[in-house]
Amino acid sequence: MSEQKYESQICSIPNSAHNVFSVLSNLQNLERVRDMIPQDKVQELEITPDSIRMKVDGLGQKFTIRIVDKIEDDTIKFGVDDMPIDMNFWIQLKQVSPVDTRVRLTLKADIPTMFRMMLGNKIQKGLDDGAQMLTQFPYNQWLS
């Protein structure tokens, strides 16, 4: 196996990097969108400020996503535990003006060669959709 790197498209969030970072670096903010998470796909969701534990349809086991490092207003790095493959991902922020922060999601994973062709496009789409979703959050409301 060799590590594969996937990057989302770069999306624009109409807010400061500080506000975006403040919201995204506290995973309990996901409670605000819990009802948008498809319950037929994600079960047993547990959220803390630094981790998310869940069972996803098709995997058959619970796994944990946890924040492993943060660089203020710039990067949030995540590790994934209890998965059959090694992976990690991060959110990168770059403020280009006080009301324009660019975001990109990056994932590195040790995916067996025979699965890369089947999963590569799905991973890419998931990252692009995730980056696009981050542009929709009401960051200013969630800070108050």
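Quick note: residue numbers are just sequence positions, from 1.
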Minimum heavy-atom distance Val33-Trp142, with the two atoms named
CG1-CH2, 3.8 Å
Joint cluster assignment, Phe21 & Ile71, ILVMFWY side-chain distance < 4.5 Å
no
Take Thr75 and Asp69, measure what side-chain contact (heavy atoms from CB on, under 4.5 Å) needs, and give me the verdict at the end.
CA-CA 8 Å; Thr75 307; Asp69 193 19; over 6 Å; no
Are Met54 and Val56 packed together at the side-chain level, in the sense that at least one heavy-atom pair is separated by less than 4.5 angstrom?
yes
Anything under 3.5 Å between a donor and an acceptor, one on a side chain of residues 39-47, the other on a protein residue two or more places apart or in another chain? List them.
from, atom 1, to, atom 2, distance (Å)
Gln43, NE2, Gln39, O, 3.3
Gln43, NE2, Asp40, O, 3.2
Glu46, OE2, Lys62, NZ, 2.4

Evaluate whether atom CG of Asn121 has more than 12 neighbouring non-hydrogen atoms of other residues, nucleotides or ligands under 6.0 angstrom away.
no
Will you find, in the side chains of Asp128 and Gln124, an N or O donor that is under 3.5 Å from an N or O acceptor?
yes
Could you report the tightest heavy-atom contact between Cys11 and Thr135, atom names first, then the distance?
CB-CG2, 3.6 Å
Should Glu72 and Ser25 count as side-chain neighbours, where that means a heavy-atom distance under 4.5 Å?
no
I'd like to know if Ile123 and Met83 are part of one continuous hydrophobic network [Ile/Leu/Val/Met/Phe/Trp/Tyr, side-chain heavy atoms within less than 4.5 Å].
yes
If Ile, Leu, Val, Met, Phe, Trp and Tyr residues are connected whenever their side-chain heavy atoms lie under 4.5 Å apart, and connections chain through other members, are Met133 and Ile13 in the same group?
yes
Any sub-3.5 Å donor-acceptor pair from Gln95's side-chain atoms to Ala17's backbone N or O?
yes
Checking Thr48 against Leu27 for the side-chain contact (heavy atoms from CB on, under 4.5 Å) test, could you report, in this order, the C-alpha distance in whole Å, the side-chain angles of both residues, the deciding distance, and whether it holds?
CA-CA 6 Å; Thr48 72; Leu27 296 178; over 6 Å; no
Do the side chains of Pro14 and Val99 get nearer than 4.5 Å, heavy atoms only?
no
Just by modelled atom types, is the Leu105 backbone N or O under 3.5 Å from a matching donor or acceptor in the Ser8 side chain?
yes
Shortest non-hydrogen separation from Thr106 to Lys5 and the atoms involved:
CG2-CE, 3.7 Å
Taking Asp110 for its side chain and Glu3 for its backbone only, find out whether a donor-acceptor pair lies under 3.5 Å.
yes
Evaluate the side-chain proximity of Asp74 to Leu93: yes if any heavy-atom separation is below 4.5 Å, no if none is.
no
Verify same cluster id: Met117, Ile111 (apolar side-chain graph, 4.5 Å)
no
Are any of the side-chain heavy atoms of Val103 and Val20 separated by less than 4.5 Å?
no
So, do Lys94 and Arg104 sit near enough that their side-chain heavy atoms are less than 4.5 Å apart?
no
Would you mind listing every ring-ring contact (aromatic ring centres under 6.0 Å, His included) that reaches into residues 58-96, with sequence neighbours excluded?
Phe78-Phe89
Scan side-chain atoms only and decide if Arg53 and Thr64 contain a donor-acceptor pair under the 3.5 Å cut-off.
yes
Steps toward side-chain contact (heavy atoms from CB on, under 4.5 Å) verdict (Asn88, Val80)
CA-CA 6 Å; Asn88 59 60; Val80 181; 5.9 Å; no
Cluster link Phe115 to Ile85, ILVMFWY, side chain under 4.5 Å
yes
Do side-chain atoms of Asn19 reach the backbone of Tyr139 as a donor and acceptor pair under 3.5 angstrom?
no
Using a 6.0 Å cut-off, check whether atom NZ of Lys70 has over 12 heavy atoms from anything other than its own residue.
yes
Of all heavy-atom pairs linking Val68 and Gly79, the shortest is CG1-N, 3.7 Å
Step by step, work out the side-chain contact (heavy atoms from CB on, under 4.5 Å) result for Leu24 and Phe137.
CA-CA 10 Å; Leu24 297 180; Phe137 290 169; 4.1 Å; yes
